[in-house]
Each structure stands twice: as structure tokens, then as C-alpha cells.
There are 2 protein chains.
Amino acid sequence: MAGDRVFDLIERLGALLRSELRRLGAPHGLEPVHLQALAYLARANRYSDTPIAVAEFLGLTKGNVSQRLIALEKAGMLLRRPDRDDARVVHLAPTAKAQALLAALSPPPGWRAAMAASGADTARLEAGLTGLLSALQQANGRRTFGQCRGCRFLQHVGNTFTCGLTRDPLEPDHTLLLCREHEAAA
Amino acid sequence: MAGDRVFDLIERLGALLRSELRRLGAPHGLEPVHLQALAYLARANRYSDTPIAVAEFLGLTKGNVSQRLIALEKAGMLLRRPDRDDARVVHLAPTAKAQALLAALSPPPGWRAAMAASGADTARLEAGLTGLLSALQQANGRRTFGQCRGCRFLQHVGNTFTCGLTRDPLEPDHTLLLCREHEAAA
DNA sequence: CCATATTGTATCGCAGCGATACCAATTACT
DNA sequence: AGTAATTGGTATCGCTGCGATACAATATGG
């Protein structure tokens, strides 16, 4: 079946990128999961920058992720801030140091050149992968983690955005971040 | 940059598939790396069904892979056969039990349905990912692990195939397998 | 007000992973 | 032919990710 090839390709790409992340992160004492968590947090909105969101995003248990985050904090890569309203939740943000690292490693050096050299239709590739990811997430009952913009709960009047779930106003920039509560617009 | 989105998508797909593999393999006592190794070996030709080829394919050290393979053999998933000519090399093959497992788990249940539901142009997606993978492998100095057919060393006269590197005759079916020595045809 | 759900942490046992060291067989060099 | 360099493979060590379980604290809903 043709789709099986796509599966093989994505698995192989995933394995090689993982290997690459390990190599790149090692000098900084970081494992692949650390870089992935930081990369997620750099793109997560304020409803989604929590340990449990990271766990759901990466498909890991919250207990595990909790320990990884502690390691990241010790390494000076993560800042924690208690939530204003809910004493249970913690907000996470990559430090400047972590952001600099992400800028250098995510995507890894050579990626952009390889993208260009492959001659692939980037937009079409992105569209195809996005659709596939959505279908898989839906099939497995996982959260979508889509951009706030494009969520069915988002309301906007002119340039003023508000989240229909929380009734909170949203800065325009923030509607480009990933949200744990995202549901694709109809 | 647009290509960065593709990177994010592939990383996320990789993470979720990895999580899925862990869940699916757990009842059989198998970790993701075990399933990936078996899936590779099921598609590897006779020059490529060795521990070192598995290590190169997955981007892991040979020492590590060696231990994984021992675990797989103990689990009755792998058969070892010494090479006829070179006493150093070992040939690996998934057992019938392992093949049955692969048929059930690779691709995981729901994958084909998700592929269909996504409405993506499978052929185009496959082409784009293949090109990207090739470019990345070349950029990182990694082996291609392409199909024997499509390799620049392959020679064929009518329906008789021979490998230009080893001078060995190849059964037509075997030219569809993955080869460690693969180099794309000019 | 109490049962239940949610968020997060702590601890335990297991196993993957790289690094290093090592061995045996093959190949290259001279 | 004989020695050096290379290659394929395994063994061992230390570290750390990972799930499972248990637990504490806060929120929510009847």
C-alpha cells in the first residue's frame, strides 16, 4: 500500500532527526526530549505552557515530563511561574539561554539547505503533513495543538481577538501560538 | 521560514508515532527501537541485514544496537546466521512471530484510515518526503538505504539483475529491498 | 460539605543509549 | 609474506529517559 511508504519515511526521518538532536544536544547536556519540550514551550500560548500540556504534546506521562522539566530548570533553561488564579498550575518559559539554543538547533543546521536542495514543494508538503497529523490525532483521541488562529473558539472583531472558551482577550501575536484547547474550525 | 514548519510537523509526527509504538509494543515486551529494527530487517537485502546496518539505519551506535538485537533474539523475534564468506558478519532475520507482529503494528492500526481520511495526495507526499530524506542524508554524510532498484550499481540484462559492486546475481524480488550500499542513479 | 477530578511531584524499577574497551577476522600496505 | 590498519561484533559501565504507582494540593460539582 502506498501510505505505508509514507509511514516508513516519517519513521526514518523521525529516527534520524532524533539521532541528530542527541548529537547536537549532548554538548549542552540535553537529551532529545529536552529540546523537544523547549521547542514546544517556545510556541505555546498561556493556556498551554504547563507540564501537562508538554506531556500531552509529546505523548509522555506527566510524571516523566515533570522530572524532565526539573532537569531543564536546573540547567538554567526554564523559568517557572505560578498561575495567578489556579494554585495547582505552573507556567513554563524557556530562558534567553534556551531560546538562543533553539535558534541554533531547531531546525538543526543543514535542515534549511536540505529543504531547498530537495526541491520539494514546501507549501504542499506542509499541507499534506498537517492534514495527516490532524487525522492521526483525531483517530487516537489526542489533542490537536493547533494555532489559536484557526480554532473554532476564536472570535474576532476587527483586530480584537477573544477566546470563546475563556472569554479572555488575546493579543494578535498570541493567536499564532499553539493551544492545548485547539479545535479545528468547521 | 516555511521549511521550519515542515520540521516541526515531522518532529511531532515522529514523537507521536514513537509514543504509539511504545504503547503497542509494551504488551509484547518491545520498545520502539525493537520494532524499528525489526521493520528495517524485514525490508533489508542480504548485504544489509547485519547489526552494523541496523545501527547506521537508525542512527545509533553499534554497541547499543548489538545489545538490542540480543534482547530481540531472546524474545524469539530474531534469527542469526553466520555469513558464509566473512566470519565476522552475522545475518539477521525476523522470525515468523516477528513478521506477524509487524504486519499488525507497522503501520499501526488506524494509520491507513487516517491516511485516507486526511485526503492527502499520497504519491506527492511520498515523493516530497523521499526527496527531503535524501537531501538530509547527503547533508549529514549518512547512507541512503534506498531500494536496490534505483541504485547506480545495479545492472540488468532483460530480467536478469546483477549488483555491480559485488558482481552477484540478484533475484528480481530482492531488488525491491533496502541496501546499505545504495547510491542514487545519476 | 463531601466526593471527584485535575495538576503536579516523588520514588522505584527497567531498559535504552553512548563511551570505552576489547576480540576476531579481513584487508591494505610494503 | 608479514605487519599494520580497518571492520564487524560483543561486553561492561554509568547515566538518564520512561511508565507505574503513590501521593499531596487545589478546584469543581452535586
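Per chain, numbering begins at 1; letters A, B, ... match sequence-line order. For clarity, every value in this text was computed on a predicted model and none was experimentally measured. These numbers come from the heavy atoms of this one structure, side chains and all, not from hydrogens, waters or symmetry mates.
- B:L92 places its CG atom 12 Å from the C1' atom of D:dG8, with the value rounded to the nearest Å.
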Quick one: which protein N/O atoms are closer than 3.5 Å to N/O atoms of nucleotides 1-6 of chain C? Pair and distance per line, please.
unit_1: C:dT6; atom_1: O2; unit_2: A:R88; atom_2: NH1; d: 2.7

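- Here the P atom of nucleotide C:dT9 and the CD atom of A:E73 are 9 Å apart, to the nearest Å.
- Annotation: side-chain hydrogen bond (donor to acceptor under 3.5 Å, both in side chains) contacts involving residues 89-104 of chain A, sequence neighbours excluded, comprise A:D49-A:H91, A:D83-A:H91.
- With sequence neighbours left out, B:E126 forms a side chain to side chain donor-acceptor pair (under 3.5 Å) with no residue at all.
- Straight-line distance from the CG atom of A:L69 to the P atom of C:dG8: 9 Å, rounded to whole Å.
- Other members of the cluster containing A:I52 do not exist, because no ILVMFWY side chain is joined to it at under 4.5 Å.
- When the P atom of C:dG16 is taken as reference, atom CD1 of B:I70 falls 12 Å away, rounded to whole Å.
- In this structure, CG of A:L72 is placed 12 Å from P of C:dT9, rounded to the nearest angstrom.
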For nucleotides 21-23 of chain D, give me every protein contact, N/O to N/O, under 3.5 Å, one pair per line with atom names.
none

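- Heavy atoms of B:D85 sit under 4.0 angstrom from primed sugar atoms or phosphate atoms, though from no base atom.
- Scanning for side chain to side chain donor-acceptor pair (under 3.5 Å) contacts around B:Q67 gives an empty result, with sequence neighbours left out.
- The hydrophobic clustering, which links ILVMFWY residues whose side-chain heavy atoms are closer than 4.5 Å, places B:Y47 and B:V54 apart.
- Going from atom CG of B:L58 over to atom P of C:dG16 covers 13 Å, rounded to whole Å.
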Which side-chain N or O atoms in residues 4-16 of chain A pair as donor and acceptor under 3.5 Å with protein atoms at least two apart or in another chain?
unit_1: A:D4; atom_1: OD1; unit_2: B:R112; atom_2: NE; d: 3.1
unit_1: A:D4; atom_1: OD2; unit_2: B:R112; atom_2: NH2; d: 2.6
unit_1: A:D8; atom_1: OD2; unit_2: B:R43; atom_2: NH1; d: 3.2
unit_1: A:R12; atom_1: NH1; unit_2: B:F57; atom_2: O; d: 2.3

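- Within 6.0 Å of CZ on B:R80 lie more than 12 heavy atoms contributed by other residues, nucleotides or ligands.
- Residues A:E56 and A:S19 each lie close to DNA chain C; by heavy-atom proximity, the contact nearer the 5' end of the strand is made by A:E56.
- Salt bridge absent: A:K62 and A:E56 never bring a charged side-chain N and a carboxylate O closer than 4.0 Å.
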Donor-acceptor pairs under 3.5 angstrom involving side-chain atoms of residues 144-153 of chain B: please list them, not counting sequence neighbours.
unit_1: B:R149; atom_1: NE; unit_2: B:T175; atom_2: OG1; d: 3.1
unit_1: B:R149; atom_1: NH2; unit_2: B:P172; atom_2: O; d: 3.4
unit_1: B:R149; atom_1: NH2; unit_2: B:T175; atom_2: OG1; d: 2.8
unit_1: B:R152; atom_1: NE; unit_2: B:E183; atom_2: OE1; d: 2.7
unit_1: B:R152; atom_1: NH2; unit_2: B:E183; atom_2: OE1; d: 3.2

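- Annotation: the terminal axes of the helix from C:dC1-D:dG30 to C:dT30-D:dA1 meet at 30°, where each axis is the rotation carrying the C1' atoms of four end pairs onto the next four (5 pairs per end, rounded to 10°).
- As a whole-Å value, the separation of A:L78 CG from C:dG8 P is 12 Å.
- Residue pairs satisfying the ring pair (Phe, Tyr, Trp, His ring centres under 6.0 Å) criterion with at least one member in residues 166-186 of chain B, sequence neighbours excluded, are absent.
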Full working for side chain to side chain donor-acceptor pair (under 3.5 Å) between B:S48 and B:R143: CA-CA 11 Å; B:S48 316; B:R143 292 179 188 272; over 6 Å; no
Protein N or O to nucleotides 14-17 of chain D N or O, pairs below 3.5 Å:
unit_1: D:dG17; atom_1: OP1; unit_2: A:H34; atom_2: NE2; d: 3.0
unit_1: D:dG17; atom_1: OP2; unit_2: A:R68; atom_2: NH1; d: 2.4

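- When heavy atoms are screened at a 4.0 angstrom cut-off, B:R23 is found touching no nucleic acid atom at all.
- For the pair A:D86 CG and D:dA25 C1', the interatomic distance rounds to 10 Å; values are reported in whole Å.
- A:E20 meets the side chain to side chain donor-acceptor pair (under 3.5 Å) test with A:R23, B:N140; sequence neighbours excluded.
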